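Here the structure comes first, spelled out in structure tokens, and everything after it is commentary.
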Amino acid sequence: MNHLRPLLGWSLSLLLLAPALDASPAAQLLRVYYNSKADVRALANSGADIVRHGDKWLEVVVPSDDEVSTQAAAEIQRVLARFDKREVLVKDLDTLLDPFRAAPDLGVYHTVKEAHDELAEYAAKYPEICRTESIGKTFEGRDIEALIVGPQGAKAAGKPRFLFCGAHHSREWISIEVPLALAKKLVTGYATDPAVKALVDSRVTWIVPILNPDGVTHSQTQYKMWRKNRRKHANNSFGVDPNRNYGYKWGGAGASTWPDSDTYRGASGFSEAETSAIRDLARREKFAADISFHSYSELVMWPWSYSEEHIAAPREAIFKKYAQAMAELNGYTAEKSSDLYPSSGDYDDFMYGETGALSFTIELGQTFVPSESEVPEITEKNVAACMFMLKNCEDPFPRMAHNPPAASEPSGFPVEVSLNRELWPDENVSSVSAVYTTTDGAIQSTDLPAVAGQTTIFSGNLPAAARTYHFEYTSAKGETVRWPPYRDFEAPPASGKGR
Ligand code: 0X9
Ligand code: ZN
């Protein structure tokens, strides 16, 4: 499997058995070998940042002296001592980024300004299919920029919505490149590629390449392996981990209470501009499906992250099916987020847990910032995963099933729907109505009674004048549920001579 591949990228001369576990002057990358999941959980809970795992080993970032307090460092060191075998893979992680910083404007990697300029250029050049919007302002006052691709204005209503975002974590520069490459594919492919055009015309795609522009700016200009945002704490340390700050099951395992820890959860759920921007956007837009990109590990992950518990089986089967389909496209491994260790306050737990979206985290590549020559391949195969999601995940947890009839008679045509109780066990539906439009534009509805002896199958007849139709019911919460969520079925053609 990919994540078991040897670390060809690292210099082998740095592979030494760790001597004394003194706090390090520079941020280091260690590989430690574990015997029990309890040790892994303890390490995650110590505030250390676990970045990759194999069968019996994992890679962990040990922060530098000037990044963490003695207390936070001591806690990580205390837990590290539980692992008998430790190797230093990279003695000074900051130096990994030096070649990129040496290139003008970070070479193929986008600076924050370049990325945001690119979005603005697309909006200026292709105003019929995209626009930019700031979804929030950061601690240091930067805009969190989004590109919204799809029909604009009133034409966007009723279209399925998707979200792709990068750079929760500052040093994970490659996670910016995939959303940007997706933006480019959608806006430049519109005129030439009918498959792209069909997706752009029928969906609204939100692209947020840099969720954490303060942190990315710091990582790109201050020569630091910085992970978090740049909130300034009272004790003069900095940063909240945006991927521990979401307010769904916030404050549990795998997130630190120390402000200077790399995985600090923040003062409260959604205390940060980055996470509250996503919260407000997701509550408003109600995304069908979404991906948050990180690096590294070559993984496609689904919830839950906060706990080793599973999502209800029929729904987990859907997560797994799509994770595996995307993993086939990018060659990564599909797994549940908490397979290695739980971490709370994560993006996808909120996106699925609160808003019901089909939400994934993808860990790109085999190092935080892959070499320039690897970037095109990484972006291409992960854009393919995004395109797959756009194409296939508009209604990932369907509430009903319906086979449109083949033909209509002068007396109309029969329709039948069955409720998906497996995916929606809590929706106690006693009646369903069919809502249809007629040739003269009128909207009418008719009640579909339950089929005799059935509680989940409803059927009835629609008049020949019906042109398009969908189904509706009132949920247990009193909300009107429409299915399919974004479109109507076409009425069947008249049998015999035609209309
Ligand atoms: O720890 C994170 O936030 C993500 N990994 S990273 O190395 N990019 O920081 C992983 C998020 C998914 N959650 C778990 N695997 N628990
Ligand atoms: Zn990350």
Side-chain angles (χ1 to χ4, degrees), residues 3 27 29-31 37 40-54 58-63 93 96 165-179 209-212 215-216 219 225-229 239-246 248-250 252-256 261-266 272 274-275 278 290-311 319 323 332-353 359-370:
H3 63 291
L29 185 69
L30 292 192
R31 179 181 286 198
K37 280 282 177 89
V40 178
R41 283 193 294 269
L43 193 57
N45 291 337
S46 76
D49 172 17
I50 298 170
V51 288
R52 164 146 88 162
H53 70 93
L58 46 88
E59 287 169 25
V60 56
V61 173
V62 181
L93 271 172
L96 275 188
C165 65
H168 272 72
H169 291 142
S170 320
R171 61 192 170 204
E172 299 169 11
W173 300 355
I174 184 68
S175 73
I176 299 168
E177 300 305 318
V178 172
I210 307 180
L211 181 64
N212 171 12
V216 172
S219 153
M225 259 277 164
W226 190 253
R227 168 179 168 94
K228 301 182 287 180
N229 72 7
V240 171
D241 184 344
N243 214 27
R244 298 293 182 277
N245 186 249
Y246 285 88
Y248 184 85
K249 305 280 180 183
W250 175 88
S256 177
S261 158
D262 256 348
T263 57
Y264 178 47
R265 66 190 189 181
E272 303 309 297
E274 297 81 8
T275 52
I278 293 289
D290 59 84
I291 303 174
S292 166
F293 289 99
H294 286 253
S295 61
Y296 56 94
S297 275
E298 304 200 321
L299 296 172
V300 180
M301 291 184 282
W302 67 83
W304 300 117
S305 180
Y306 78 90
S307 151
E308 276 155 20
E309 269 170 45
H310 288 263
I311 288 170
F319 268 104
Y332 295 177
T333 302
E335 66 178 36
K336 177 160 73 86
S337 262
S338 54
D339 268 5
L340 181 65
Y341 65 93
S343 64
S344 54
D346 283 29
Y347 167 89
D348 42 352
D349 282 2
F350 161 73
M351 291 296 285
Y352 174 66
S359 183
F360 296 94
T361 292
I362 291 186
E363 296 270 8
L364 302 161
Q366 302 189 43
T367 171
F368 289 119
V369 182

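Order of appearance sets the numbers: ligands from 1, and atoms from 1 within every ligand. In this text the structure is predicted, and so the values were computed from the model without any measurement.
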**Study point:** Verdict with reasoning, V216 to E172, per side-chain contact (heavy atoms from CB on, under 4.5 Å)
**Key:** CA-CA 8 Å; V216 172; E172 299 169 11; over 6 Å; no
**Study point:** Audit row: V61, F368, side-chain contact (heavy atoms from CB on, under 4.5 Å) steps and yes/no
**Key:** CA-CA 11 Å; V61 173; F368 289 119; 3.9 Å; yes
Review point. Are K228 and E272 close enough, and set up right, to give a side-chain contact (heavy atoms from CB on, under 4.5 Å), and what steps lead you there?
Key: CA-CA 11 Å; K228 301 182 287 180; E272 303 309 297; over 6 Å; no
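The 12-atom threshold is exceeded at NZ of K336, counting heavy atoms of other residues, nucleotides or ligands nearer than 6.0 Å.
Checked against Y347 for a side chain to side chain donor-acceptor pair (under 3.5 Å), the options T361, T275, D290 give a single hit: D290. Applying side-chain contact (heavy atoms from CB on, under 4.5 Å) to E363 and the options S292, S297, S175 leaves one that passes, S297.
Between S338 and ligand 1, not a single N/O pair is under 3.5 Å apart. For Y296, no nitrogen or oxygen atom sits less than 3.5 Å from a nitrogen or oxygen atom of ligand 1, counting backbone and side chain alike. Close N/O approach between D241 and ligand 1 is not found [any backbone or side-chain N/O within under 3.5 Å].
Of the N and O atoms on the side chains of S256 and T263, not one donor lies less than 3.5 Å from an acceptor on the other residue.
When only non-hydrogen protein atoms are considered, atom 12 (C) of ligand 1 lies nearest to D346 OD2, 3.4 Å. Protein heavy atom nearest atom 8 (N) of ligand 1, with residue, atom name and distance: E172 OE2, 3.0 Å. In this structure, atom 16 (N) of ligand 1 lies nearest to the protein heavy atom S343 OG, 2.9 Å.
Ionic pairing of R244 and D346 is present here: one or more N-O contacts between side-chain nitrogen and carboxylate oxygen are shorter than 4.0 angstrom.
The distance from atom CG of L299 to atom OH of Y332, rounded to the nearest 0.5 Å, is 9.5 Å. Atom CD of residue E274 and atom NE2 of residue H168 lie 8.5 Å apart, to the nearest 0.5 angstrom. Once rounded to the nearest 0.5 Å, the distance linking CD of E59 with CG of L30 reads 9.5 Å.
When side chains are defined from C-beta on, H294 counts as touching N243, because their heavy atoms get closer than 4.5 Å. Counting heavy atoms from C-beta on, the side chains of S307 and P342 never come closer than 4.5 Å.
Applying the 4.0 Å criterion to heavy atoms of H169 picks out, from ligand 1, the atoms 2 (C), 3 (O), 8 (N), 9 (O). Atoms of ligand 1 lying under 4.0 Å from at least one heavy atom of N243, given by number and element, are 2 (C), 3 (O), 11 (C). Taking every non-hydrogen atom of R244 and a distance limit under 4.0 Å, the qualifying atoms of ligand 1 come out as 1 (O), 2 (C), 3 (O). Ligand 1 places these atoms under 4.0 Å from at least one heavy atom of H294: 8 (N). Listed by atom number, the atoms of ligand 1 under 4.0 Å from Y341 heavy atoms are 1 (O), 16 (N). Within the listing of ligand 1, atoms 13 (N), 14 (C), 16 (N) sit less than 4.0 angstrom from a heavy atom of S305.
Under 2.8 Å from the Zn ion (ligand 2), one finds the following protein N/O/S atoms: H169 ND1, E172 OE1, E172 OE2, H294 ND1.
Using a non-hydrogen distance threshold of 4.0 Å, H168 does not register as a contact of ligand 1. Ligand 1 has S295 within reach: a non-hydrogen atom of the residue lies less than 4.0 Å from it. Distances shorter than 4.0 angstrom occur between a heavy atom of S337 and an atom of ligand 1.
For atom 9 (O) of ligand 1, the nearest non-hydrogen atom from the set E363, M301, R227 comes from R227.
Ring orientation note: the planes of W304 and Y352 are tilted relative to one another, at an angle of 30° to 60°.
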